[in-house]
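What follows is a short report on a single structure.
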Protein chains: 2
Amino acid sequence: MNDRKQHVIKMAHQLFIERGFQSTSIQDILEFSGISKGTFYNYFSSKNELLIALFKALYESMERKRDELLIGQDPSDLTIFKKQIEFQMNTNKKNKLITLFEEVFVSNDEDLKHFLREGQKRMLRWVYNRFLELFGEEKQPYLLDGAIMFLGILHHNVKYYSIANGASADIYPVVEYSVDRMVTIVEDASIANQQLNKPEQMDDWFPEGNQLFHSNLVSTIRLLKANLSESNNEAIERLDFVKDELLHSKKSRKFLIESVLCSLRDDPKLDQTTVNQLDELISNYFK
Amino acid sequence: MNDRKQHVIKMAHQLFIERGFQSTSIQDILEFSGISKGTFYNYFSSKNELLIALFKALYESMERKRDELLIGQDPSDLTIFKKQIEFQMNTNKKNKLITLFEEVFVSNDEDLKHFLREGQKRMLRWVYNRFLELFGEEKQPYLLDGAIMFLGILHHNVKYYSIANGASADIYPVVEYSVDRMVTIVEDASIANQQLNKPEQMDDWFPEGNQLFHSNLVSTIRLLKANLSESNNEAIERLDFVKDELLHSKKSRKFLIESVLCSLRDDPKLDQTTVNQLDELISNYFK
DNA sequence: TTACCTTTATACTGCCGGTATAAACCTGAT
DNA sequence: ATCAGGTTTATACCGGCAGTATAAAGGTAA
């Protein structure tokens with residue numbers, strides 16, 4: 001992505017943190033980042049698009065770093081999980097993510113709403129999958145409920161703890177407390193054999209096969225990008241577009257993706273066997 | 001309150017439910033309720049003021065009915081508590097209270113934000129006080145945490161249950177499930193002797209003495225109003241104003257309240273010994 | 001009839017997000 | 001050096017928004 005575009009996102013983020021999304025006008029962003037209106041609408045098709053770009057960047061980095069914390073560690077170790085949660089809560093706080101989120105979650109822009117809902121669902125799924133590792137498969141029936149309740153507990157605890165102890169208070173005790181409570185809740189629900197949402201519900205939210213497709217796509221594209229020098233901007237942009245359109249957009253535009261794949265096949269800089277893998281992966285996805 | 005004003009609130013509420021607060025323009029409200037702009041701004045000083053009036057009416061009725069459910073019942077009976085929660089969740093759903101709430105909670109209007117925060121705090125306090133009755137004084141140190149977590153669990157469970165089972169699904173199982181989990185959580189926190197927020201924190205949010213003042217004020221004003229016929233609109237409005245200004249406004253305007261008290265003292269229709277009580281109550285409050 | 005309040009209709013202000021456009025600027029190929 | 005194609009800028013413009021201003025009309029009670 002363009003350096004200058006990145007700079008605009010950064011400046012806008014700063015303004016959003018200072019005064020919120022709604023009360024930052026496009027004019028403010030133009031003046032603060034020193035670009036003209038024309039350039040702005042050349043980069044982003046609307047103010048909401050800019051916000052989506054910002055969220056996307058923040059999410060991507062947060063999820064990557066959070067997952068890196070687990071590398072080489074025991075996935076059933078509660079303390080690692082606590083560290084992952086702590087990291088995410090601190091990132092949220094630093095970037096005023098929750099506030100921004102709340103501010104625009106109820107909005108008229110369907111695209112924006114869809115994007116935010118996807119983010120929430122991704123977080124829920126991540127917690128659920130981690131719970132599977134932490135509590136074991138035998139607790140599986142109670143873990144979707146657990147993940148839902150955990151996020152509720154966590155956010156409420158963080159919110160009121162911050163009110164009571166100031167926004168700069170260390171968040172770790174809250175995470176520790178919330179996770180500790182969670183252990184008992186899962187145990188309790190499993191003993192009482194009470195279930196509110198069946199984990200199969202998740203297949204509804206994340207159509208089956210998609211998870212596999214997701215990881216395959218990401219790794220194939222990463223492979224292709226790895227063999228490219230920085231100068232192959234076009235190819236990189238094309239690959240990013242395909243990833244984005246398939247994973248983040250409400251409805252992937254098949255014709256667009258196919259066109260892009262076509263030009264990828266014609267690119268001598270790319271490893272064509274990997275391109276073929278990508279091609280096959282995507283055509284399987286569409287049928 | 002004026003019948004016509006009430007009607008405007010009702011019509012606006014309908015529009016807000018249908019299309020949300022932000023995307024309902026004042027022009028829409030004018031057309032839908034058949035009044036002119038001048039009249040609107042005669043009733044409400046802004047669109048946000050109208051929303052506050054709407055919330056106030058809804059809260060007042062909801063809290064009253066919820067408290068009535070407890071009259072003559074055993075306050076330590078869990079099933080009554082579940083019914084109270086169910087009632088509130090259903091009212092929320094019917095009036096799209098949560099959606100409206102989220103939509104405006106992050107807003108630039110300090111008055112509106114303050115009002116909403118007060119509402120949340122009142123709810124938290126109510127749950128805490130009910131938990132004291134339900135779980136007993138010996139669990140007191142863990143009950144503020146409990147109330148905070150309960151609201152988090154409840155809202156998240158309701159939200160995802162509604163997503164999974166449709167908005168029209170019966171909410172009672174969710175309430176039952178959430179309360180059942182709560183019992184264990186309180187037990188667990190008390191055994192582990194873990195505490196995140198001390199209940200004394202609540203004195204900070206609700207300055208001590210205020211609770212007593214609150215109930216005294218409400219009952220004294222109710223007493224005064226009981227002896228008035230419907231025709232004494234002025235006196236009723238004055239009493240309502242005093243109540244509102246003292247309980248709901250960010251900073252009570254002492255000079256205004258004293259002026260109103262002055263006219264109340266001059267009103268032959270009012271029982272002057274009760275007025276004196278009111279007077280004393282309020283002057284004690286201010287020093 | 002008079003006096004006073006409420007309501008109406010309508011025009012206006014200033015700000016917003018977003019569009020349109022012509023001129024200026026840059027950059028790389030010939 | 002010149003030229004073409006793109007990006008960027010400055011600026012004017014649009015329609016819609018919340019909120020203000022005001023003059024006329026309507027209602028009501030003394």
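Below, chain A is the first sequence line, B the second, and so on; all start at residue 1. What's counted below: heavy atoms across the whole structure, side chains too, no hydrogens, waters or symmetry copies.
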- Message: In terms of relative ring orientation, are B:F55 and B:F101 parallel, tilted or perpendicular, with 30° and 60° separating the classes?
- Response: perpendicular
NZ of A:K96 to CD1 of A:I98, rounded to nearest 0.5 Å, is 12.5 Å
Partner of B:Y285 under side chain to side chain contact (heavy atoms under 4.5 Å, CB included), picked from B:L217, B:L246, B:N216, B:I257, is B:L246
From NE2 of B:H7 across to C1' of C:dT7 the rounded distance in Å is 16 Å
Taking B:F87's backbone N and O only, do any of them form a donor-acceptor pair with B:N90's side chain (distance below 3.5 Å, no angle check)?
no
Need one value for B:F44: base, sugar-phosphate or nothing, where a base atom within 4.0 Å counts as base even if backbone is also close, heavy atoms only. nothing
Practice problem: Determine the interplanar angle of the B:H155 and A:H156 rings, folded into 0 to 90°, and report it as parallel if under 30°, tilted if 30 to 60°, perpendicular if over 60°. | Solution: tilted
- Message: Can you tell me if A:E280 has over 12 outside heavy atoms packed within less than 6.0 Å of its CD?
- Response: no
Neighbour count above 12 (heavy atom, 6.0 Å) for B:R19 CZ:
yes
To the nearest angstrom, the CZ-P distance between A:R19 and C:dC15 comes to 14 Å
B/S/- along nucleotides 10-20 of chain D (protein heavy atoms under 4.0 Å) is -------SSBB
I'd like to check B:F32 versus B:T24 (side-chain heavy atoms, cut-off strictly below 4.5 Å). Are they in contact? no
- Message: Does C:dT6 have OP1 or OP2 under 4.0 Å away from a side-chain N or O of B:Y43?
- Response: no
Computed from five pairs at either end and rounded to 10 degrees, the angle between the axes of the helix from C:dT1-D:dA30 to C:dT30-D:dA1 is 10°
Atom CZ of A:R4 and atom C1' of C:dC25 are separated, to the nearest Å, by 11 Å
